[in-house]
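All heavy atoms count here, side chains included; hydrogens, waters and symmetry mates do not.
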Amino acid sequence: SAIDLIVHTARIQGGRRAVTSITEVTGMNDSQILLQEIFRWSKAEGRDARGGGLVPTRVPSSFAEEDRLAWD
């Protein structure tokens, strides 16, 4: 109940480290932990190995609704 997000880092081409995925923990089903990736690393087209970044997966996050309610 204490972990809401998992941030995955990796060493990408060129030797630098980058955040490659942000995944939300959405709950549990029996003994399985339910995860939903909300951002993923995408290499930029036509750029060198250092190009790229996080792109949204377009899956709505439960955080979006909580944030909207908190700011209304």
Side-chain angles (χ1 to χ4, degrees):
S1 66
I3 297 176
D4 296 319
L5 293 174
I6 299 170
V7 178
H8 184 254
T9 61
R11 192 175 301 262
I12 59 173
Q13 288 181 332
R16 100 183 169 151
R17 293 184 189 272
V19 174
T20 56
S21 176
I22 299 176
T23 303
E24 174 182 22
V25 178
T26 59
M28 289 193 69
N29 184 7
D30 295 323
S31 63
Q32 294 182 339
I33 299 171
L34 304 174
L35 304 173
Q36 174 173 282
E37 188 175 45
I38 52 179
F39 290 96
R40 139 183 336 135
W41 175 266
S42 177
K43 184 177 176 189
E45 293 294 321
R47 295 186 64 184
D48 63 8
R50 301 178 112 192
L54 289 176
V55 294
T57 59
R58 307 221 189 285
V59 175
S61 167
S62 66
F63 289 108
E65 182 63 18
E66 290 176 18
D67 285 346
R68 187 186 67 73
L69 292 174
W71 292 100
D72 281 345

* May I ask you to decide if His8's main-chain N or O and Ser21's side chain share a donor-acceptor pair within less than 3.5 Å? =>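 Side chain of Ser21 to backbone of His8: no pair is present.
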* To do: Please tell me if the side chains of Val19 and Phe39 come closer than 4.5 Å, counting only heavy atoms from C-beta onward.
  =>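 Answer no - side chains too far apart.
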* Can you name the nearest heavy-atom pair linking Ala18 to Trp41, along with the distance? ->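 Between these two residues, the closest heavy atoms are CB-CZ3, 3.8 Å.
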Value rounded to 0.5 Å, distance of [atom1] in [X] from [atom2] in [Y]:
| X | Y | atom1 | atom2 | result |
| --- | --- | --- | --- | --- |
| Ile6 | Ile38 | CD1 | CD1 | 10.5 Å |
| Leu5 | Ile22 | CG | CD1 | 7.0 Å |
| Thr26 | Leu35 | OG1 | CG | 6.5 Å |

* Within 6.0 angstrom of Ile33 CD1, more than 12 heavy atoms from elsewhere ->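 No, because the 6.0 Å sphere around CD1 of Ile33 holds 12 heavy atoms or fewer from other groups.
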* Pairs where residues 20-37 contributes a residue and the test salt bridge (charged side-chain N to carboxylate O under 4.0 Å, His left out) is met, not counting sequence neighbours ->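 Only Glu37-Arg40 qualify under salt bridge (charged side-chain N to carboxylate O under 4.0 Å, His left out).
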* Asked: In the single-linkage hydrophobic clustering (I, L, V, M, F, W, Y; side-chain heavy atoms under 4.5 Å), do Met28 and Val25 co-cluster?
  ->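 Same cluster.
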